[in-house]
Structure formats: C-alpha cells, structure tokens
Amino acid sequence: MAITGVDRLRKVLRLRGAVPWLDFSNVMEKAILLGGTLMAIAYVALCLFQYVEFRFASPSHTLSVMEAFYFVVATLSTVGYGDVTPQSKEGEGVVILIILTTLAVVPYLISSLVETMAQQAKGSGGYYRRGKLSYVVVLGNFQHAARFDDVLTELLSDVYFPPI
C-alpha cells in the first residue's frame, strides 16, 4: 500500500504542467518525493516490525503502535537509544531489512535532490512543461558550438526525425 502510494505520488507530480496548483520547481518535486518515500518506508517498517514482534516475541511483550513508530524513527535516524529493541530473532531480521532498504533508497534520493539544487544554483536550468504547449528556452554560456549543437539536436530530434 505504501509503495503504491509513492508510485501514485510520482504520477501526480508528472501532472504539474497541466494542473496549475501543482506548478512548482524541480527541487520541490524532488523534496516531495523524498518526504513521501521516507513516510512510506517508515509506515511499512512500523507495520512489519509490530507484526513480527507480535507474532514471534514472547506473549508478555506487547508493543503499541506508538512504541513501534518511536523505534522505527530512532532506528532510521541512526539515533538508536536502545530502550525499545526487537525481542525475537525474526524482529532483528526485519530491522536489518529495514536498515538495508533505507540505505539503498534514501541516499540516492538525497543526492538527486542536492544535485538538482546545485544545478539550479549554478544556472544550469532545466526543461519545463507548462500547460498543453511545449516550448524550450535554452539559456547558458556555450563556449563550444559543438556542445550547443548537441543540445539542440537532442531537443529537436523527435521533431525532425520522428520515430518510425
């Protein structure tokens, strides 16, 4: 459910040129995607950890939703206070899976956000689609004619050389 939510969030973000209230920058898009992914990971981790602890830990050990959420946030933020810990081997396996998943996904999203921010600050610009009409504004300091030619060829290749 949470993974489907991130996919739907991506689809909504693709509509930003057609829907006026979704009109925001590439940096904001990447920040929203990062936040949505973090919430999805936290939600799945919370549900999975609480279920596994309920199923496999001793019956005397009960874990509320708030305790599970606290544990997931403390673990994913690398604080790890140690006051709430997995009580079963299966729970430990789930925690390892959660950490590895987060380490695989989050750094990529953060680096993409930082790279977009750096390009925007540097003036590298980007391609924006507004409304139903597509247009391109090329801004920059092209010191080599070949580089500018490559940019224009790539942008106009579908117009002059339509796919068969």
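Note that these values count all heavy atoms, side chains included, but never hydrogens, waters or copies made by symmetry. Just so you know, these numbers come straight off a predicted model, no measurement behind them.
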Inset, instruction - Check the hydrophobic clustering (I, L, V, M, F, W, Y; side-chain heavy atoms under 4.5 Å; chains of links allowed) and say if Leu34 and Val27 are grouped together. - result: yes
Inset, instruction - Hey, could you give me the CE/OH distance between Met39 and Tyr43, rounded to the nearest 0.5 Å? - result: 12.5 Å
Inset, instruction - Evaluate the side-chain proximity of Asp83 to Tyr70: yes if any heavy-atom separation is below 4.5 Å, no if none is. - result: yes
Legend entry - Hphob cluster co-occupancy, Tyr51 + Val72, side-chain heavy atoms under 4.5 angstrom: yes
Legend entry - Nearest-0.5 Å distance that lies between atom CD in Gln50 and atom OG1 in Thr62: 9.5 Å
Inset, instruction - Quick one: which residue pairs count as a salt bridge (Lys or Arg N to Asp or Glu O under 4.0 Å) with a foot in residues 49-73, not counting sequence neighbours? - result: none
Legend entry - Heavy-atom donor-acceptor pair, Gln87 side chain to Thr85 backbone, under 3.5 Å: yes
Return all side-chain donor-acceptor pairs below 3.5 angstrom for residues 91-106, not counting sequence neighbours, or 'none' if the list is empty.
from	atom 1	to	atom 2	distance (Å)
Thr101	OG1	Leu97	O	2.8
Thr102	OG1	Ile98	O	2.9

Legend entry - Qualifying ring-ring contact (aromatic ring centres under 6.0 Å, His included) pairs with a residue from residues 74-101, counting only residues at least two apart or across chains: none
Inset, instruction - Can you measure from NZ (Lys30) to CE (Met117) and round to the nearest 0.5 angstrom? - result: 12.0 Å
Inset, instruction - Supply the atom-to-atom distance Leu38 CG to Ile110 CD1, rounded to the nearest 0.5 angstrom. - result: 7.0 Å
Legend entry - Nearest heavy-atom neighbours spanning Ala68 and Leu46: C-CD1, 3.6 Å
Legend entry - Interatomic spacing from CZ in Phe49 to CZ in Phe69 - rounded to 0.5 Å: 14.0 Å
Inset, instruction - Find the distance between CG (Leu113) and CG (Leu33) and round it off to the nearest 0.5 Å. - result: 10.0 Å
